[in-house]
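Reckoned from all heavy atoms, side chains included, excluding hydrogens, waters and symmetry mates. Just so you know, ligand 1 is whichever comes first in the structure, and atom 1 is the first atom listed for that ligand. Note that the structure is a prediction, hence the values are computed from the model and not measured.
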Amino acid sequence: MKHTHLSVLAVFISAALTGCGQSEKAQTAPPAPSAADAKAFLTEAQADIEKVQFPAAHAEWSYATNINYDTAAVSAYMNEVLSSKVAQYSNEAARFNNTEVDADTRRQLDLLRNSLTMPPPADAEKSARLAKISSDLGGMYGSGKYCRSENDCKTLVEMSAEMATSRDADLMLEYWAGWREVSKPMKDMYAEQVELANQGARELGFSNASEMWRGKYDMPADEFPKELDRLWGQVKPFYDALHCHVRAKLGDYYGEDVVPQDKPIPAHLLGNMWAQSWGNIYDIVKPEQEMQVPDVTAALVEQGYDEIKMVKQAESFFSSLGFAQLPESFWERSMFQQPEGRDVQCHASAWDLDDKDDLRIKMCIQITGEEFNVIHHELGHNYYQRAYKDQPLLYRNSANDGFHEAIGDTIALSITPKYLKQIGLIDEIPDASNDIGMLMQVALDKIAFIPFGLMVDQWRWKVLAGEVKPEDYNKVWWELREKYQGVMAPLARGTDAFDPGAKYHVPANVPYTRYFLAHILQFQFHRALCDIAGDEGPLNRCSIYGSKEAGTALNNMLEMGSSKPWQDALATLTGSPQMDASTIADYFAPLKSWLDEQNKDRSCGW
Ligand code: X8Z
Ligand code: ZN
């Protein structure tokens with residue numbers, strides 16, 4: 001996550017005078033605002049928003065790294081001030097709807113109009129309530145724990161770590177259900193928040209907040225879901241094959257009474273609290289033939305890596321591409337470890353506190369290969385933020401939100417055996433006979449994720465559009481989980497359950513389609529950068545480490561920020577303005593053939 005709240009607006013006071021003595025003739029319409037007025041408005045709006053944005057970011061940082069009553073109050077207040085300001089300016093931008101302006105001015109007006117995620121109503125009490133709910137939901141998630149008894153409470157980080165390696169179905173089921181107790185009390189607050197944000201959206205001229213969420217992609221809001229369906233259609237055959245194999249192997253391991261072979265997979269057995277990525281069960285689903293696959297977790301532990309050393313190693317990848325090192329303040333101000341004695345929001349995020357160089361990450365780093373990837377993911381945000389920092393405020397953002405999420409992941413795709421050997425984490429590069437194992441490991445992380453990345457906002461768009469009422473929140477959530485992912489709740493869900501709230505981005509109001517897009521885009525970026533780096537081997541073995549040419553090409557796209565439609569940014573790097581999942585098919589082609597062979601006598605589907 002990164003904060004990019006835009007804001008501002010000085011209330012435009014209509015100059016129309018009312019008064020006595022005005023003749024009929026004098027009542028002419030006020031002159032339409034000019035293009036120069038629009039530019040002046042944007043300049044003023046951005047300057048005004050900036051003034052509040054930075055203190056609001058500091059308040060949010062203080063809250064996320066120290067959740068308590070006071071930090072909650074300050075962060076809710078600052079968030080309210082900022083978002084009300086942006087809402088006012090967004091409203092005012094409509095004044096220029098009929099003004100003829102240049103493309104750049106129009107783009108900035110549109111970005112401003114659609115910049116908020118949860119737009120506050122103009123009513124002061126309601127906007128304060130919305131800010132308080134948002135802040136409370138975030139705090140409930142961040143401080144949430146599951147208590148097995150009075151003195152035995154587990155944090156999400158602890159339970160996640162155990163679920164990554166445990167093969168005890170009962171224990172995993174207990175944690176799965178225990179964590180979902182945390183979100184039950186969120187349900188009514190969430191429903192109230194939806195109502196308030198929709199009022200805010202209507203005041204800005206949208207039919208609801210769903211329309212705003214879908215309208216941020218340089219195409220009509222109703223076209224965007226079709227684009228997602230197209231991309232999902234490209235990936236689905238491969239996902240189905242992976243699902244079929246994984247379900248069969250889980251059935252062998254846990255028994256077909258636990259994992260029925262004609263139903264969705266029970267969600268607690270996939271090595272992850274949300275069944276969103278499955279890399280942690282590689283040992284259960286791996287090919288029977290012995291495969292050498294680097295164990296990055298073991299290598300990091302053996303070589304005595306600590307949190308800082310992992311981050312330094314990730315930084316050095318970016319440095320090898322020609323990006324300037326992170327500033328001293330990054331090391332002083334970031335949070336790399338879960339502190340003792342206070343609650344924090346452990347969910348990883350990257351921050352830019354001043355749009356100059358106050359970059360930070362906030363993570364509760366575990367010494368694992370998975371977290372090593374997350375560190376690259378977060379630094380990708382920071383390098384993007386730095387690359388576009390000289391753009392005007394409204395362009396200090398990624399081309400679309402999927403781009404922001406894709407950059408660090410793209411770099412992490414270059415953590416190949418070749419690279420691991422270069423940095424001394426492994427001694428030997430496994431030969432091509434091991435590729436199926438290595439591709440399986442990547443597919444469990446990346447391909448398994450894709451339908452989850454899609455379904456979260458399929459749910460939220462329906463909720464925000466009012467198509468799904470609070471009493472059906474949980475039911476529809478599980479319908480979508482089953483439809484897209486083919487996973488099911490391992491226990492009957494009570495009427496008070498609010499399982500979406502057990503996933504960070506729902507209480508935190510972070511849109512999720514960005515991760516779906518990122519999982520498509522990162523393979524396109526990887527291929528383009530590998531071409532530029534002159535790596536001629538297969539994509540899964542390519543690492544762009546050390547390629548200044550690749551770094552320059554990447555930076556050229558990053559520094560555009562959101563100044564141009566994302567299609568232009570995409571074409572700048574890849575030569576094509578289309579998102580396209582065919583690169584995924586190419587990357588994993590040998591694994592797909594292998595899976596089809598494994599599945600040939602199985603009955604797939606759910
Ligand atoms: O939330 C994140 C990042 C922070 S922007 C760690 N991710 C999603 C998640 O954890 O659910 C990265 C992949 C998907
Ligand atoms: Zn991210």
- For residues Thr117 and Asn509, is any side-chain donor paired with an opposing acceptor at under 3.5 Å?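 On atom types as modelled, these side chains do not qualify, holding no pair under 3.5 Å.
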- Taking atom types as modelled, find out whether Asn397 and Tyr384 have a side-chain donor-acceptor pair closer than 3.5 angstrom.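 Asn397 vs Tyr384: no donor-acceptor pair found between side chains.
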At a 4.0 Å threshold, what atoms of ligand 1 neighbour a non-hydrogen atom of [X]?
X	value
His381	5 (S)
Glu378	3 (C), 4 (C), 6 (C)
Gln276	9 (C), 10 (O), 11 (O)
Lys503	9 (C), 10 (O), 11 (O)
Glu405	5 (S)

- Item | Closest contact, heavy atoms only, Glu158 versus Thr155 |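 Distance-wise, the nearest heavy atoms are OE1-N, 2.9 Å.
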- His377 N/O to ligand 1 N/O under 3.5 Å: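 By distance alone, the answer is no.
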How are the rings of [X] and [Y] set to each other: parallel, tilted or perpendicular (split at 30° and 60°)?
X	Y	value
Tyr512	Phe449	tilted
Trp606	Tyr239	perpendicular
Phe403	Trp566	tilted

- Report the part of Tyr504 in contact with ligand 1, treating N, CA, C, O as backbone and CB onward as side chain, heavy atoms under 4.0 Å; options are side chain, backbone, both, neither.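 Near ligand 1, Tyr504 shows nothing, with every heavy atom at 4.0 Å or more.
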- Note: Lys309-Asp306 ion pair, threshold 4.0 Å (strictly below):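 No salt bridge links Lys309 with Asp306.
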- Can a salt bridge be assigned to the pair Arg360 and Asp358 using a cut-off of 4.0 Å between side-chain N and carboxylate O?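 Between Asp358 and Arg360 there is a salt bridge, with a charged N closer than 4.0 Å to a carboxylate O.
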- Message: Taking only non-hydrogen atoms of Trp274, do any sit less than 4.0 angstrom from ligand 1?
- Response: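 Distance cut 4.0 Å: Trp274 fails for ligand 1.
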- Which single N/O/S atom of His381 lies at minimum distance from the Zn ion (ligand 2)?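 This turns out to be NE2.
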- Query: Is His377 close enough to the Zn ion (ligand 2) to have an N, O or S atom under 2.8 Å?
  - Reply: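 So His377 does bind the Zn ion (ligand 2) by this criterion.
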- Answer yes or no as to whether an N/O/S atom of Glu405 is found below 2.8 Å from the Zn ion (ligand 2).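 Yes, within the cut-off.
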- Message: Minimum distance, heavy atoms only, to atom 7 (N) of ligand 1: which one of Tyr515, Phe449, Phe452, Tyr512 is it?
- Response: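 Going through Tyr515, Phe449, Phe452, Tyr512 one by one, Tyr515 has the nearest heavy atom to atom 7 (N) of ligand 1.
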